[in-house]
Amino acid sequence: MALNDDTTSDSLMVAAIDFGTTYSGYAFSMKDDYETDKLKISSNQWKSPTMISLKTPTTVLLGPDKKLVAFGYDAESQYTALAEQDKHKGHYYFRRFKMVLYNEIRTAKLTRKTTIPDIHGKRLPAIDIFAHAIGFLQQHLLDQLNSRGTGIIHQQEIHWVITVPAIWDDPAKQFMREAAKKANIHGENLTIALEPEAASIYCKHLSLEKGEEDEGFSVFQEGSRYLVLDAGGGTVDITLHEIQKDGRIRELEQATGGPWGGTFVDEAFYSVLSDVLGREEFERYRRDHASDMMEIYREFELKKRSLERTPEEAKTESTSIRNITMKIPVTLKDFCKEIHKKTIQDVTKEKSNCDGLIWQLDKLRISHERFSDMFSVACDGIVNHIKKLLTSSKAKGTNKILMVGGFSESLFLQEKIRKSFPDMHVVVPHEAGLAVLKGAVLYGHDPKAISVRVARCTYGVGTCALFNPSYHPQSRRTKIKNEWYCRGVFSRHVKKGDVLEVDEAQEDHPYVPLHDYQTGISFKIYTSTEDNPMFTDDESCRYLGCLEIDISKLKRSSKKSVRVKFIFGGTEIKVVGRIEETNEETEVTFNFLEENPDITDKDEVYLDY
């Protein structure tokens with residue numbers, strides 16, 4: 001089954017959902033509008049208690065029956081109201097759960113049954129929470145369209161695009177696709193877009209509209225090479241792009257990154273409060289004072305955006321440096337006194353790691369230096385990673401950095417990047433946080449805007465091969481149908497770092513089932529950090545998932561040889577299986593999310609060389 005990378009011809013609109021760690025939203029454009037004005041992209045305005053924004057918090061509130069109650073700002077407001085009346089404990093409240101999932105799957109395999117905790121530790125299937133969020137945004141858009149009288153009533157008339165971090169692996173992309181399916185978005189109407197690519201596409205079109213004389217947008221001239229820094233709320237994606245002669249974008253280096261987004265700064269702040277109260281005590285306060293924690297969340301978010309200067313800049317300025325002042329609910333001080341039998345001021349003074357904190361009435365004053373330190377861990381991680389990437393031979397000629405994503409709107413991060421890379425031209429587009437969302441719409445209209453990608457790792461399938469004592473260990477030798485085979489051989493299809501042209505297949509290999517009675521072939525897919533691993537259980541290898549090919553229509557006596565070719569140039573893997581006897585293509589289905597893969601059982605095919 002080839003995954004769809006192209007919009008269907010009868011789609012009247014492309015709509016994109018930018019599913020962020022902290023904020024999410026949607027944008028859309030009509031096909032007719034795209035053909036006349038590519039940047040005529042509409043998005044929704046969300047109302048919070050204090051402002052209007054173009055995204056809403058990625059927050060899901062479920063009732064005791066596990067059905068959706070509210071999403072976004074409404075979820076925050078309703079949960080706060082429930083907490084104030086002490087009626088929230090039967091509900092499920094998921095906040096920033098995209099990052100929770102990322103952290104969960106770094107140590108365990110992602111499956112359809114993977115669960116994530118809400119803010120009180122109650123766990124539900126992750127795929128259901130993501131489906132609730134996608135379904136809400138989808139329905140909200142449909143309701144808005146119908147209220148405007150656009151004539152679009154059915155979601156089948158829309159081609160949907162959902163964004164994911166470029167550093168997410170193939171099972172995570174399939175997870176998002178299946179979550180969308182649970183939200184009633186059909187696979188043939190869905191494209192997965194990589195966040196930094198979408199942002200790069202949007203900025204390129206924005207430069208064309210502004211004209212070459214616009215400062216900064218010479219980034220997108222033919223032959224220009226630039227580094228894309230996509231700093232979101234949770235993860236940070238960093239990659240290298242080049243503009244080709246035809247105007248399309250070429251990836252020069254596979255995307256890498258880490259969990260250094262804006263939430264990293266939040267966790268640094270919560271760690272400070274945890275140091276004051278004690279880890280277990282702070283978690284108890286979070287649990288028992290949910291509405292007050294919501295106030296702290298919102299207050300810190302406002303203060304976080306206001307920090308402009310790095311500590312180095314602050315020291316060189318003659319003007320006095322003002323502390324950052326936050327309003328803190330009185331319950332925090334009362335809770336501290338109840339637990340420690342001392343005022344929060346006295347407790348803070350006794351802690352060796354709580355310098356720079358002054359409590360006054362209902363205020364917490366944080367020194368500029370201490371507040372800056374909360375940013376430094378995330379910013380230093382980003383800077384160090386960029387420095388490493390720029391040492392690559394593929395980065396030669398790169399002298400520009402394009403900053404996109406919500407965290408890139410932080411003036412502190414912008415200055416940190418400029419100071420760390422004084423020889424680089426740093427470009428931050430207007431509303432950098434919307435670049436991914438609007439670029440995803442453009443990508444949905446033209447998925448071939450990215451023409452070349454680079455393989456993040458080596459891909460292959462587990463197979464058997466005729467035993468060769470020259471290089472196969474005796475321990476792997478097994479006899480099947482009077483022939484000696486070597487099990488667990490890594491049959492490589494693409495090598496790490498390979499240049500992958502969009503929609504062009506890489507190597508195709510012929511495979512034959514080991515047993516005459518087989519009506520299907522199950523291929524176990526592996527990845528490796530090495531260029532050419534020999535066996536699937538090598539230390540560098542990781543089991544990814546399996547794909548199934550139906551051969552039930554072939555005669556039992558036939559050879560049943562199937563040539564399998566992988567197409568890696570898109571955002572998702574495509575696989576084509578061709579039965580050699582009939583020269584017919586056959587259905588291939590993926591399963592990267594099975595719960596208990598049997599990766600030690602016998603291989604069902606051998607490599608027919």
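Distance alone, capped at 3.5 Å, places no donor-acceptor pair between the R96 side chain and the G234 backbone. Side chain of K173 to backbone of T571: a donor-acceptor contact under 3.5 angstrom is found. Panel note: side chain D18, backbone V436; no donor-acceptor pair is recorded below 3.5 Å. With hydrogens and angles ignored, the 3.5 Å screen pairs no side-chain donor or acceptor of S224 with any backbone N or O of I243. Judged by distance alone, with hydrogens and angles left aside, the side-chain atoms of N189 form no donor-acceptor pair with the main-chain N or O of I185 at under 3.5 Å. With hydrogens and angles ignored, the 3.5 Å screen pairs no side-chain donor or acceptor of N103 with any backbone N or O of V100. Proximity of a side-chain donor or acceptor of R248 to a complementary backbone N or O of K448 within less than 3.5 Å is detected. Under the 3.5 Å distance criterion, the side-chain polar atoms of R456 are matched with a main-chain donor or acceptor of I167.
Separation of atoms CG (D531) and NZ (K496) is listed at 7.5 Å; rounding is to 0.5 Å. A distance of 10.0 Å separates CG in L101 from OG1 in T115, rounded to the nearest 0.5 Å. In this structure, OH in Y23 is found 8.5 Å from OG1 in T59, a value given to the nearest 0.5 Å.
Salt-bridge annotation for D537 and R476: present, with a side-chain N of the basic residue lying under 4.0 Å from a carboxylate O of the acidic one. Between E242 and R225 a salt bridge is recorded (basic side-chain N to carboxylate O distance below 4.0 Å).
Residues forming a ring pair (Phe, Tyr, Trp, His ring centres under 6.0 Å) with F71 (at least two apart in sequence, or on another chain): F136. Under the side chain to side chain contact (heavy atoms under 4.5 Å, CB included) criterion, S420 pairs with V383, K416, not counting sequence neighbours. Qualifying salt bridge (charged side-chain N to carboxylate O under 4.0 Å, His left out) partners for E197, counting only residues two or more places apart in sequence or in other chains: R453. Listed by chain and number, the residues in a side chain to side chain contact (heavy atoms under 4.5 Å, CB included) with N468 are S470, Y471, H472 (sequence neighbours excluded). Every ring pair (Phe, Tyr, Trp, His ring centres under 6.0 Å) that H493 has, sequence neighbours left out, goes to H509, F566. With sequence neighbours left out, R112 forms a side chain to side chain donor-acceptor pair (under 3.5 Å) with E178, N591. Partners of N482 according to the side chain to side chain contact (heavy atoms under 4.5 Å, CB included) rule, which considers only residues two or more places apart in sequence or in another chain, are K479. By the side chain to side chain contact (heavy atoms under 4.5 Å, CB included) test, V499 is found to be paired with R250, V452, residues two or more places apart in sequence or in another chain being considered.
Here the options are Y543, F592, Y459, the test is ring-ring contact (aromatic ring centres under 6.0 Å, His included), and the partner is Y526; only Y543 passes.
Contact of the W160 side chain with the I134 side chain is not registered, since no non-hydrogen atoms from C-beta on lie closer than 4.5 Å. Between L194 and V164 the shortest side-chain heavy-atom distance falls below 4.5 Å. At a threshold of 4.5 Å between non-hydrogen side-chain atoms, the residues L442 and K204 do not count as touching. Here the side chains of K109 and E594 are in contact, with some heavy-atom distance below 4.5 Å. Annotation: side chain of I549 is not in contact with side chain of Y511 (no heavy-atom distance under 4.5 Å). Taking 4.5 Å as the limit, some side-chain heavy atom of K387 sits within range of a side-chain heavy atom of F421. Between V454 and T239 the shortest side-chain heavy-atom distance does not fall below 4.5 Å. Between T114 and L593 there is no side-chain heavy-atom pair separated by less than 4.5 Å.
The two atoms that bring S408 and A432 nearest to each other are CB-CB, 4.5 Å, heavy atoms only. Nearest heavy-atom pair, G232 versus F407, reported as atom, atom and distance to 0.1 Å: O-CB, 3.4 Å. Between L190 and R177 the shortest heavy-atom distance is O-NH2, 3.2 Å. Among all heavy-atom pairs drawn from D230 and G405, the shortest one is OD1-CA, 3.7 Å. Across every non-hydrogen atom of L110 and A172, the tightest pair is CD2-CA, 3.6 Å. The nearest pair of heavy atoms linking A183 to Q138 is O-OE1, 2.8 Å.
Applying the ring-ring contact (aromatic ring centres under 6.0 Å, His included) test to pairs two or more places apart or on separate chains, those with a residue in residues 165-185 are F130-F175. Residue pairs meeting the salt bridge (Lys or Arg N to Asp or Glu O under 4.0 Å) criterion with at least one partner in residues 121-134, sequence neighbours excluded, are E104-R123, D128-K182. Applying the side chain to side chain donor-acceptor pair (under 3.5 Å) test to pairs two or more places apart or on separate chains, those with a residue in residues 389-398 are E253-S392.
Counting heavy atoms of neighbouring residues, nucleotides and ligands inside a 6.0 Å radius, atom CD of Q474 exceeds 12 of them.
Using modelled atom types, one finds a donor on one side chain and an acceptor on the other under 3.5 Å when comparing S200 with Y226. For the residue pair T21 and Y102, no side-chain donor N or O sits within less than 3.5 Å of a side-chain acceptor on the partner. Checking T529 against S540 by side-chain atom types alone, no donor-acceptor pair falls below 3.5 Å.
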Before giving the answer on salt bridge (charged side-chain N to carboxylate O under 4.0 Å, His left out), spell out for R492 and D498 the whole-Å C-alpha distance, their side-chain angles and the decisive distance to 0.1 Å. CA-CA 12 Å; R492 190 182 74 181; D498 278 354; over 6 Å; no
Run the salt bridge (charged side-chain N to carboxylate O under 4.0 Å, His left out) check on E409 and K55 step by step: do they pass? CA-CA 14 Å; E409 294 182 351; K55 288 185 180 181; over 6 Å; no
List, one per line, each side-chain donor-acceptor pair under 3.5 Å for residues 254-263, sequence neighbours excluded.
from, atom 1, to, atom 2, distance (Å)
T256, OG1, H385, NE2, 2.7
T263, OG1, G233, O, 2.8

